[in-house]
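Written below as structure tokens is the structure these notes are about.
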Amino acid sequence: MDSRHKQLLRKRRVELSNQLVIDSTVVQYLYQESILTESHLEEIRSQVTNKKKTLALLDILPTRGPRAFETFLQSLKEDFPWIRANLLQALEIEESEVSPAGQLKIPEQLLNTVPSDKQLNKLSSRLGSEWETLALELGLSTNDIYRCKVNHCYSVQSQIMAAFVLWKQGFG
């Protein structure tokens with residue numbers, strides 16, 4: 001199972017255990033599709049409450065190979081379409097926020113705007129020593145960075161803000 005799918009099931013674990021009824025066709029479908037074995041069925045059925053059965057299934061699924069998540073979604077199609085829709089929507093949202101390289105995607109309209117001084121100040125308060133690398137990536141020279149550090153030697157946030165101002169004046 002893909003790590004994104006494992007993470008999604010982990011995040012939605014409590015929600016799924018409250019909504020999903022395991023005695024339904026879900027487990028039978030997973031068994032039919034060779035995702036679960038007979039011993040898995042016995043392990044799940046041996047649990048006393050439905051919540052524990054669901055948690056047992058959620059413990060087993062991530063270990064059942066690359067088809068497990070998609071097959072699990074298929075098993076939800078008939079009896080639990082709202083759960084399936086919620087999982088698919090959560091995956092879609094997650095994929096739109098994270099690019100293949102694992103970096104956050106920034107909406108196109110935001111990329112085409114110049115950040116306000118307030119936004120830059122907020123960012124400067126959150127950056128630490130990595131600000132110098134960021135400044136170089138933004139196109140500032142090492143001389144510009146040195147000047148920011150010398151002119152604002154007592155406050156790292158002021159150094160960062162000065163670098164942002166230089167960037168905004170020259171490139172923004």
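Sequential numbering from 1 along the given sequence is applied to the chain's residues.
In this structure the side chain of L16 never reaches within 4.5 angstrom of the side chain of L57, judged on heavy atoms. Within the 4.5 Å cutoff, the side chain of E132 has heavy atoms near those of the K149 side chain. Side-chain contact between Q157 and N121 is present, with at least one heavy-atom pair separated by less than 4.5 Å. Residues L20 and L76 form a side-chain contact, since some pair of their non-hydrogen atoms from C-beta on lies under 4.5 Å apart. With contacts defined as side-chain heavy-atom distances shorter than 4.5 Å, the pair D79/V26 does not qualify. Taking 4.5 Å as the limit, every side-chain heavy atom of I44 sits out of range of all side-chain heavy atoms of Y31. Counting only heavy atoms from C-beta outward, the side chains of W82 and Q19 approach each other to under 4.5 Å. Between R147 and V150, the closest side-chain pair of non-hydrogen atoms is not below 4.5 Å.
Between the N18 side chain and the K51 main chain, no donor and acceptor come within less than 3.5 Å of each other. For D2 (side chain) and P66 (main-chain N/O), no donor-acceptor pair under 3.5 Å exists by modelled atom type. The closest donor-acceptor contact from the side chain of K168 to the backbone of P115 lies under 3.5 Å. S141 contributes a side-chain N or O that, together with a main-chain N or O of D144, makes up a donor-acceptor pair within less than 3.5 Å. Using a distance-only test at 3.5 Å, with no hydrogens or angles considered, no donor-acceptor pair links the side chain of R64 to the main chain of L30. At least one donor-acceptor pair under 3.5 Å links the side chain of Q119 to the backbone N or O of S116.
What you find for A135 and A163 is that their closest heavy atoms are CB-CB, 4.5 Å. The minimum heavy-atom distance linking I145 with W131 is given by the pair CG2-CH2, 3.8 Å. A pairwise comparison of heavy atoms in Q47 and A56 identifies CG-CB, 4.0 Å as the closest pair. Taking each heavy atom of L55 and S17 in turn, the nearest pair found is CD2-CB, 3.8 Å. What you find for T71 and E33 is that their closest heavy atoms are CG2-CB, 3.6 Å. Shown here for C153 and Q159, the closest heavy-atom pair between the two residues is CA-NE2, 3.8 Å.
Summarising the geometry, atom CG belonging to L140 is positioned 7.0 Å from atom SG belonging to C148; distances are rounded to the nearest 0.5 Å. Distance check: M1 CE to T63 OG1 gives 8.0 Å after rounding to the nearest 0.5 Å. Taking CZ of R126 as the start and CD1 of I160 as the end, the distance is 12.5 Å to the nearest 0.5 Å. Going from atom CD of E42 over to atom CG of L36 covers 12.0 Å, rounded to the nearest 0.5 Å. To the nearest 0.5 Å, the span separating CG on L87 from CZ on R12 amounts to 6.5 Å. For the atom pair S125 OG and M161 CE, the distance stands at 10.0 Å (nearest 0.5 Å).
The hydrophobic clustering, which links ILVMFWY residues whose side-chain heavy atoms are closer than 4.5 Å, places L73 and V21 together. Under the 4.5 Å side-chain contact rule for hydrophobic residues, L136 and L123 share a cluster. Under the 4.5 Å side-chain heavy-atom criterion for Ile, Leu, Val, Met, Phe, Trp and Tyr, L61 and F69 are members of the same hydrophobic cluster. Tracing side-chain contacts under 4.5 Å through hydrophobic residues (I, L, V, M, F, W, Y), one reaches L88 starting from L9; they form part of the same cluster. Following chains of ILVMFWY side-chain contacts shorter than 4.5 Å, one can reach F80 starting from F72, so the two form part of one hydrophobic cluster.
A salt bridge links R13 with D59: at least one charged nitrogen is closer than 4.0 Å to a carboxylate oxygen.
Open room surrounds CD on E38; 12 or fewer heavy atoms of other groups in view lie less than 6.0 Å from it.
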V27/K53 under side-chain contact (heavy atoms from CB on, under 4.5 Å): CA gap, chis, key distance, verdict
CA-CA 10 Å; V27 174; K53 289 177 183 181; over 6 Å; no
Could you check E43 against I60 for side-chain contact (heavy atoms from CB on, under 4.5 Å), going step by step and ending with a plain yes or no?
CA-CA 10 Å; E43 182 181 340; I60 295 168; 4.0 Å; yes
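Aromatic ring pairs are classed by plane angle as parallel below 30°, tilted from 30° to 60° and perpendicular above 60°; the pair F164 and W167 is perpendicular.
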